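Any value given below was found using the heavy atoms of this structure, including those in side chains, with hydrogens, waters and symmetry copies removed. In this chain, residues are counted from 1 in sequence order. Keep in mind it's a predicted model, so treat the numbers as computed, not measured.
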Amino acid sequence: MQPLELLKLMASGGGAMGILVACGLVSLAIAIERGIVLFGVVHHARNLGDAVARHLFRGEVAEGRAISERSRTPAADIFLAGFQRLGRASLEQVESAVERERQSVALRLRAHLWILATIGSASPFIGLFGTIVGIMRAFHQISITGQGGFAVVADGISEALITTAAGIVAAVIAVVLYNYFQTRVARTLVELRLISEEFIEVIKEQRIVAATTGGAPPSSPSTTPSAA
């Protein structure tokens, strides 16, 4: 089929075809946008996590916070949530702040994926609706002309069925993209969780909370001998 013939056939699909074309373009735009957002997130997060951990092991809290502020990876937001409360709150509060920010990052990474799921589930029905409308139009033309037979409605039905095919194509593309990005986001979130847990473990090991607040690590009580 020539490109011009295909365009003419698509144009015959009416309003339903226009909606399906728009759905396809939206799916493509979301795929490009999510691909840009997720590109290199795991790699940069690992590098930042290793750098922050090295600074914390040496007790260099300010340096660890500085490299987090300069980084643009989502993991930096997680570390900064902990650094902002480090020295001003208990270790449990620091851990809670890190976890809340990690959940917020997860929501941002999953943004717009629901649109792909919606397009994937709704596109076949939109295509079917367009086909039904086209068939109704073909039979309405029979009632007006007074002529019958398959030859009269064949062209109208073949043009109407193009919306069903387009709906299936749009749905397949959207579902494939949705599953791909869901898997990629899930893997990214696992990496961010591991990096966050390592961040908290390093803080616990180095007693940074106690050092920055001017306190001392907890010690076992001792008994002072009384004077005779």
Side-chain angles (χ1 to χ4, degrees), residues 1-42 45 72-75 77 99-145 148 150-193:
M1 181 178 294
Q2 297 297 325
L4 291 178
E5 295 178 357
L6 180 59
L7 291 175
K8 181 180 178 181
L9 191 59
M10 292 177 62
S12 66
M17 181 60 71
I19 295 175
L20 292 173
V21 171
C23 289
L25 294 176
V26 170
S27 297
L28 179 61
I30 292 175
I32 295 174
E33 187 266 344
R34 287 294 91 187
I36 294 173
V37 170
L38 295 172
F39 179 77
V41 169
V42 173
R72 301 184 65 180
T73 181
D77 296 332
E99 178 60 22
R100 284 195 303 270
E101 186 60 32
R102 190 180 70 85
Q103 295 293 339
S104 177
V105 169
L107 291 177
R108 295 200 298 270
L109 293 180
R110 289 196 175 101
H112 310 313
L113 293 185
W114 66 270
I115 300 178
L116 291 177
T118 302
I119 291 175
S121 60
S123 292
F125 297 103
I126 297 174
L128 182 60
F129 175 77
T131 297
I132 293 174
V133 171
I135 293 175
M136 291 173 60
R137 188 182 299 114
F139 280 103
H140 179 67
Q141 188 65 25
I142 292 177
S143 66
I144 294 176
T145 61
F150 181 75
V152 177
V153 298
D155 289 341
I157 292 177
S158 64
E159 292 177 354
L161 288 175
I162 189 64
T163 58
T164 297
I168 293 174
V169 171
V172 169
I173 293 174
V175 169
V176 169
L177 291 174
Y178 175 78
N179 289 334
Y180 168 75
F181 283 111
Q182 276 286 83
T183 302
R184 189 168 175 180
V185 168
R187 186 171 71 88
T188 301
L189 294 180
V190 170
E191 293 288 347
L192 293 179
R193 180 173 60 82

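When every heavy atom of Gly120 is checked against every heavy atom of Ala171, the shortest pair comes out as O-CB, 3.3 Å. The minimum heavy-atom distance linking Asp77 with Glu101 is given by the pair O-CG, 3.3 Å. Taking both residues in full, the closest heavy atoms of Val42 and Glu191 are given as CG1-CG, 3.7 Å, listed atom of the first, atom of the second, then distance. Of all heavy-atom pairs spanning Pro74 and Leu109, the tightest one is CG-CD2, 4.4 Å. Phe181 and Gly35 get closest at one heavy-atom pair: CE2-N, 3.7 Å. Between Leu20 and Ser123, the closest heavy-atom pair is CD2-O, 3.7 Å.
Distance check: Ile126 CD1 to Thr131 OG1 gives 12.0 Å after rounding to the nearest 0.5 Å. Atom CG of Leu128 is separated from atom CD1 of Ile132 by 4.0 Å, given to the nearest 0.5 angstrom. Between the OH atom in Tyr180 and the CG atom in Leu116 there is a gap of 12.5 Å [rounded to 0.5 Å]. Note: Thr164 OG1 to Phe125 CZ = 12.0 Å, rounded to the nearest 0.5 Å. Once rounded to the nearest 0.5 Å, the distance linking CD1 of Ile19 with OG1 of Thr163 reads 10.5 Å.
Taking 4.5 Å as the limit, some side-chain heavy atom of Arg110 sits within range of a side-chain heavy atom of Leu189.
Screening Val185, Val105, Thr188 against Val41 for a side-chain contact (heavy atoms from CB on, under 4.5 Å) leaves a single residue, Thr188. Of the residues Leu113, Thr118, Ile119, the one that meets the side-chain contact (heavy atoms from CB on, under 4.5 Å) test with Ile115 is Ile119.
The neighbour count for Arg72 CZ, taken as heavy atoms of other residues, nucleotides or ligands under 6.0 Å away, does not exceed 12.
No donor-acceptor distance shorter than 3.5 angstrom exists from the side chain of Ser104 to the backbone of Arg100, with no hydrogens or angles considered.
For residues 24-38, there are no side-chain hydrogen bond (donor to acceptor under 3.5 Å, both in side chains) pairs, not counting sequence neighbours.
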